[in-house]
Amino acid sequence: MAQLAVFVLDTLYSVAVLVLISAGLGIIFGMVRVINLAHGEFLVLGGYSAITAHGLGLNIWLSMLVVAPLVVGMFGVVVERLIIRPLYGRLVNTMLATWGLSLVMVGGLNMIFGNTTTGIPLPVGGFSVGGYQVSGYNLLLIVLAALQMFVIWLVLGCTRFGLLACGTMQNASMSAAFGVNSSRVYMLTFACGAALSGLAGGVLAPLIGLTPGGGANYIAKAFITVISGGASVVSGLVASAGLFGTVSQIFTAVATPIAGELALLVVAILLLRALPSGISGRYFRNRI
């Protein structure tokens, strides 16, 4: 029984990590229609922001949950205004521009922090389940991922900004005709997606050793999760993360972590072959 409980917790943790690293990309790609190849570097910037703030004496929770998303969100505003704004509607151009941005960010982070592995300590200890030791921080990440998706659903479906954002993304010219400042909505939406990426980088910093080029470890999984989820930002992302996290954890448990990664990739290929428009394009149409 204890072994089953640990397996369930590990599976939920695997799903939670996919949700956290993919949510920001889901907002930017799913709503703003920008292929952000610098998404991994946004996560790394969030991690370094948390580490730097904590090193300066700030509380570790404030560093991870406030400073990291705030810094990356503000950086997202600058990127949107200077790089992305002239390129809306041109997917290939946004892909090339953000790829160049990722190279510049890796070089800049190398210059500032050096090519060494850094991190911060875990703020939460572990606990026992039967004869097994479970990380309390993993459990906290599960709760955080669930809370994050609930807040995104609440904002998009129940607030004025969410309704304006959804309407603007569907028909910007019609929204502008009704007096909506489309440029501001695009900027704020992009900034929110960047802030979510920063939050993910901040809360994952205690679990991983950060390096300037570490974003490459996340971008492939994030894109696979978002694209497989389809157009619905919340329901599609949760469905794809749940599927991939479960499959990956099953194969990790019965074989090795490498087998889990390969299984995730194979399932993603089969899923996109069967459902080209993603899970939400087939099962969660017209949902957030």
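Counting from 1, the numbers follow the sequence of the chain as shown.
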Inset, instruction - Could you tell me the separation between the CD1 atom of Ile219 and the OG1 atom of Thr98, rounded to the nearest 0.5 Å? - result: 7.5 Å
Inset, instruction - Answer yes or no: is there a side-chain heavy-atom contact under 4.5 Å between Tyr137 and Val203? - result: yes
Legend entry - Val78-Leu37 co-clustered via ILVMFWY side chain contacts under 4.5 Å: yes
Legend entry - Hphob cluster co-occupancy, Leu163 + Met187, side-chain heavy atoms under 4.5 angstrom: no
Legend entry - Identified side chain to side chain contact (heavy atoms under 4.5 Å, CB included) counterpart of Tyr13 within the set Val8, Asn138, Leu139: Asn138
Inset, instruction - Give, for atom CH2 of Trp153 and atom CE of Met149, the distance between the pair rounded to the nearest 0.5 Å. - result: 12.0 Å
Legend entry - Close side-chain approach of Tyr186 and Ile84, heavy atoms under 4.5 Å: no
Legend entry - Donor-acceptor contact below 3.5 Å, side chain Arg85 vs main chain Leu82: no
Legend entry - Common cluster, Val34/Leu103, ILVMFWY with side-chain heavy-atom separation under 4.5 Å: yes
Inset, instruction - Supply the members, apart from Met74, of the Ile/Leu/Val/Met/Phe/Trp/Tyr cluster built from side-chain contacts under 4.5 Å; use none for a lone residue. - result: Leu70
Legend entry - Cluster link Val124 to Leu65, ILVMFWY, side chain under 4.5 Å: yes
Legend entry - Heavy-atom closest contact (Gly260 atom, Phe251 atom, distance): CA-CB, 3.8 Å
Legend entry - Side chains of Glu41 and Leu101 in contact at under 4.5 Å (non-hydrogen atoms): no
Legend entry - Pairwise distance CG(Leu196) to CD1(Ile21) - rounded to 0.5 angstrom: 13.0 Å
Inset, instruction - For Ser14 and Thr11, indicate whether the former's side chain and the latter's backbone hold a donor-acceptor pair under 3.5 Å. - result: no
Legend entry - Interatomic spacing from CG in Leu237 to CD1 in Ile227 - rounded to 0.5 Å: 12.5 Å
Legend entry - Cluster link Phe223 to Val247, ILVMFWY, side chain under 4.5 Å: yes
Legend entry - Glu80 CD to Ile28 CD1 distance, which is reported to the nearest 0.5 Å: 10.0 Å
Inset, instruction - Show your reasoning for whether side-chain contact (heavy atoms from CB on, under 4.5 Å) applies to Asn36 and Phe29. - result: CA-CA 7 Å; Asn36 182 22; Phe29 179 67; over 6 Å; no
Legend entry - Minimal non-hydrogen separation, Ser22 against Lys221, with atom names: OG-O, 4.3 Å
Please report, to 0.1 Å, the donor-acceptor pairs under 3.5 Å made by any side chain of residues 46-64, with sequence neighbours excluded.
from  : atom 1 : to    : atom 2 : distance (Å)
Ser49 : OG     : Leu45 : O      : 2.7
Thr52 : OG1    : Tyr48 : O      : 2.8
His54 : ND1    : Leu58 : O      : 3.3
Asn59 : OD1    : Trp61 : N      : 2.8
Asn59 : OD1    : Leu62 : N      : 3.3
Ser63 : OG     : His54 : N      : 3.3
Ser63 : OG     : Asn59 : O      : 2.9

Inset, instruction - Could you pull out the closest heavy-atom pair between Gly202 and Ala68, with the gap in Å? - result: CA-CB, 3.9 Å
Inset, instruction - Report yes if some heavy atom in the side chain of Pro212 is under 4.5 Å from a heavy atom in the side chain of Asn115; otherwise report no. - result: yes
Legend entry - Stepwise side-chain contact (heavy atoms from CB on, under 4.5 Å) test for Phe190 and Val79: CA-CA 9 Å; Phe190 189 93; Val79 170; 4.2 Å; yes
Legend entry - Steps toward side-chain contact (heavy atoms from CB on, under 4.5 Å) verdict (Phe7, Ile250): CA-CA 9 Å; Phe7 174 77; Ile250 289 173; 3.7 Å; yes
Legend entry - Taking every non-hydrogen atom, the tightest pair across Ser248 and Leu264: CB-CD1, 4.2 Å
Legend entry - Contact check, side chains of Leu210 and Phe113, non-hydrogen atoms, under 4.5 Å: no
Legend entry - Validation row: Leu188, Phe161 side chains within 4.5 angstrom (heavy atoms): yes
Inset, instruction - Enter the distance from Ile152:CD1 to Ile27:CD1 here, rounded to the nearest 0.5 Å. - result: 5.0 Å
Inset, instruction - State, yes or no, whether a side-chain contact exists between Thr225 and Val19 at a heavy-atom distance under 4.5 Å. - result: no
Inset, instruction - Can you sort out the partners of Phe75 under ring-ring contact (aromatic ring centres under 6.0 Å, His included), two or more places apart, ordered by chain and number? - result: Phe42
Legend entry - Ser232 versus Ser280, closest heavy-atom pair with distance: N-OG, 3.1 Å
Legend entry - 4.5 Å side-chain heavy-atom contact, Leu207 and Leu204: yes
Legend entry - Thr94 versus Leu87, closest heavy-atom pair with distance: CG2-O, 3.4 Å
Inset, instruction - Take atom CD1 of Ile258 as the centre, draw a 6.0 Å sphere, and report whether it contains more than 12 heavy atoms from other residues, nucleotides or ligands. - result: no
